[in-house]
Each structure stands twice: as C-alpha cells, then as structure tokens.
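Let me begin by presenting the structure, written as structure tokens, before commenting on it.
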Amino acid sequence: MKIVSAIFLAAIQLANAQSPIYGQCGGQGWNGATTCASGSVCTFSNPYYSQCLPGSASSSTASTSPTTTTTATAPSQTSNGSGLPFLGGVNTAGYDFSVATDGSFNGTGVTPPVGQFSHFASQGVNIFRIPFAWQLMSPTLGGTISSSFFSRYDSTVQSALSTGAYVILDLHNYARWNGQVINQGGPTNAQFASLWSQVAQKYASNKKIIFGVMNEPHDLPQGTALWAASVQAAVNAIRAAGATSQVILIPGSSYASAQALPTEAGPDLLKVTDPAGGVGKLVFDVHKYLDSDNSGTHPDCTTDNVSVLQTLVAWLKQNGNRQALLSETGGGNTASCETSLKSELAYVKANSASIVGFTAWAAGAFATNYTLSLTPNSDGSDQPLWIQAIKPNLP
Ligand SMILES: *[C@@H]1O[C@H](CO)[C@@H](O)[C@H](O)[C@H]1NC(C)=O
Ligand SMILES: *[C@@H]1O[C@H](CO)[C@@H](O)[C@H](O)[C@H]1NC(C)=O
Ligand SMILES: *[C@@H]1O[C@H](CO)[C@@H](O)[C@H](O)[C@H]1NC(C)=O
Ligand SMILES: *[C@@H]1O[C@H](CO)[C@@H](O)[C@H](O)[C@H]1NC(C)=O
C-alpha cells in the first residue's frame, strides 16, 4: 500500500513537471515529464524515446506518435533501468592506500574513521564508495578471500549501511595485479571473477550494495573488447553467487574517463549482458576531474566540464536510456573548484535520470591537508569545498 501510493504520487508530480528542450518526454518505460518547456515540442522518435525538440505545437497535444499517445504516460510502465534514486555522497578511502596505478601494492590499508558515515549521512548523503586493494582482499591471486581482511572491511561497510545509505564496493586496482592487466597478460578472467564471486556471496541479500567491479582501467594493451569480456566475467560471477538484484558498475578505459566512454570502451561495454535480465542494472562507472590535465591532482580547477557530461548524457540516451554514476570527481579547497564543482554537480543533479548520482573524492582516512580532502576537521566542521559545492547538490 505504502509503496503503491508513493509511486502514484511520484507519477503525478512528474506528470506536472516539464522536460527541458532536448529532454526526454516519452517512450516505453519513461515515467518522467511528458510535456515540454515552452518553445519545444514532444517529438516521437521511436517506441522507446520521444524528445523535446525546438518548435511550437500545431495542436494541443504534444505527441506526434503515429499510433498512440498513451504509451509514454502510462504510470504502470517501469521507470529508469537501475531503479536507483538520485544518489549523492563521498568516497571514504583508506583500504586502497598505496595501490599504485600499475596495480602493485605493499601496504596494509588504513581504516576510514567510522564517525564519518553518520557525520555525512546527517547532511543528506545517501551513498558511500569504499575502495579496497585486491591484494588485501585476496592475498593469493585467484585464492580464497582473507577472512581477517574481510571482517575488517565488512565492519566499515556495515557502519556505512547502518545510516541507510547505499555502499559501492570498489576494487581499486586499475584493471591490474602487480603490473599486469587482467585477461591481457596478467590475471585470468577466472581469477578476477573468483574475487567477485566470493565477495558477492557475502552481500547477496543486501539491496543497498553496489558492486564496483574495477577502479580506473587504463592503458589496456590488447584493447577494450577484451576488457569488456573481463567485465562480463565479473558480472556473471556476481549474479551466479546469488546477488541478482543489485546494481553493478562497469567502467571503461582511460581511468574510467567520462569523456572517453562514448568513443573508447562504451561500444564494447554496451554488449555486456546481465544474467539477471535486462541491462538497466549495469550502470557505467565514470570519473571526471576538473583540473588542467583532468588528473585530480591539482588544487585549482580550470573548467566545470559540463560539456563532457552533456555528450555523455546524449550517448546514454541514444543507447537505450542507459545510466552512469560519477564515482569520482572533486577538486581542491579553492575558489575555482568551489565554483566549477558546484556547477558540475548541479548538472548531474538536474540530469539524474541519466547520471544517477555521484561520490566525490575523497574523505575517509585522508588527512585534512590532502589536496582534494573532504575529510571533516577535528572540530567536526567541514571543508570549504564540501560546504560550497557538494552539500547544495546532495539529494
Ligand atoms: C528511478 O526509478 C525509481 C523507481 O521508480 C525511482 O525511485 C527513482 O527516483 C528513479 N531515479 C531517478 C534518478 O530518476
Ligand atoms: C611493491 O614492491 C614491489 C617489489 O618490492 C615494487 O616493485 C613495487 O613498486 C612496490 N609497489 C608499491 C606500490 O610500493
Ligand atoms: C573538459 O576536459 C577535457 C579533459 O578531459 C578537456 O580536454 C576539455 O577541453 C574540457 N572541456 C572544456 C569545455 O573545458
Ligand atoms: C599534512 O600535515 C602533515 C603533518 O600534520 C605533514 O607531515 C604533511 O606534510 C602535510 N601534507 C601536506 C600535503 O601539506
């Protein structure tokens, strides 16, 4: 009862809203606005997609569908494929500390301070991304996961979940183990899948878990098609382990670049299938930094790079209304980043049907003087970037 009436109310609210010019206004599975901003007309493109295109309506009805005008508006249709609400939150790093971009690791991991989860959740955060090193979870490649590390990691995950938030389990290894790329000279797909099979089994019944199969693949010597095959192996393993209801994040190349996805790995990743059915729960994992070289290492930002996200959103829509999640973005605690990040995240929030959410980089075990730190100060106050750019764009 409660759920039915909530959906009914949401449908009424959405029906009253208007789509912006070039926004979606109908199609099977669409339950958003079906009227267009003034100066544009809802134009039938195919059974799955109608779009607000510039122009003025010659009649009172917006649709130019050759058959019916009711398909797009039926509230009984399913909504966005992932079923996720708009998500806003932060990376709580530490268990990934000292993983190098070549996938080597000699560390012990640092436990993120547990108090941060309630600190951020009380401000509206509803998602945390918790990175970990492959070598900590699985000390022997392809072997059994470490029970001691798992219990340490899981206690952090449970603290985050206890706030009601979603949690991304982030394997932070750049598609590599000790310098070599999965399925391209390094670990086999089976060894990669084994890790996910074991971790997914532990969380199979928790609907707030999101599986981030790999952080920032880059420099793939044999290309993105082979990488997509590795992603498929991880997806299959997660579903076979009984985790059939959750979202899986699938990353492309060039450090999961939001800009590169449509032209590099995207076409191959579109072919990845989900044994649980459909593709809506396979959400693209993208990163975008706003400094001069897009690396997320400088304190100053040079762009909000909204144009990159606009291109990404258009690509997602063209390919069956798929969704992405911006799992890393951020900047220094500087005026330029406060302006640029605020603008970027406002775009994400306004386009959450396509970019379902964000987790900013980074709090957790980072010191407050780390260049991109979002770690609260010891007196409980937040960093300027958090206050100015992120907090206003939380759900
Ligand atoms: C996706 O659909 C679900 C289920 O109807 C809804 O609760 C959620 O708000 C939608 N998310 C976005 C980002 O539109
Ligand atoms: C870990 O140790 C190996 C061998 O001693 C070394 O080659 C590698 O660079 C180290 N990696 C890191 C991230 O320190
Ligand atoms: C966005 O960032 C990319 C780097 O990823 C850069 O090449 C491009 O010029 C930027 N675009 C704008 C509009 O600033
Ligand atoms: C941060 O502060 C610590 C000591 O409090 C210092 O050792 C470290 O160099 C500082 N790091 C930066 C990036 O300023």
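Start at 1 with the first residue, then count along the sequence. From a predicted model like this one, the values you see are computed outputs, not experimental measurements. Just so you know, ligand 1 is whichever comes first in the structure, and atom 1 is the first atom listed for that ligand.
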Going from CZ on Phe211 to CD1 on Ile209, what distance comes out if it is rounded to the nearest 0.5 angstrom?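 Atom-to-atom, Phe211:CZ and Ile209:CD1 are 6.5 Å apart.
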Answer yes or no: is the gap between the SG atoms of Cys337 and Cys301 smaller than 2.5 Å?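 The answer is yes, since Cys301 and Cys337 bring their SG atoms under 2.5 Å apart.
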When you compare ligand 1 with Leu84, is there at least one nitrogen or oxygen pair between them that comes in under 3.5 angstrom?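 Indeed, backbone or side chain, Leu84 has an N or O that close.
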Polar-atom distance check: Gln323 versus ligand 1, any N or O pair below 3.5 Å?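 Looking only at distances, the answer is no, because the N/O contact criterion of under 3.5 Å is not met.
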Does the gap between the ring centers of Trp361 and Tyr289 come in under 6.0 Å?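 No; Tyr289 has its ring centre 6.0 Å or more from that of Trp361.
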Can you confirm if the aromatic rings of Phe366 and Phe97 lie within a centre distance of less than 6.0 Å?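 Yes, ring centres under 6.0 Å apart.
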When you measure from atom 13 (C) of ligand 1 to each heavy atom in Gly81, Ser354, Ser352, which option holds the nearest one?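 Shortest heavy-atom distance from atom 13 (C) of ligand 1: Ser352.
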From the options Asn369, Thr371, Thr368, select the one whose nearest heavy atom is closest to atom 10 (C) of ligand 4.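 Selected option, by shortest heavy-atom distance: Asn369.
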Kindly indicate whether atom 7 (O) of ligand 4 is approached by any protein heavy atom to under 4.0 angstrom.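 It does not: no protein heavy atom is found less than 4.0 Å away from atom 7 (O) of ligand 4.
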Atom 2 (O) of ligand 4 within contact range, any protein heavy atom under 4.0 Å: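 It does; a protein heavy atom is within 4.0 Å.
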Between Lys202 and Phe150, is NZ or CZ placed under 6.0 angstrom from the six-membered ring centre and within 45° of the ring axis?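 Yes.
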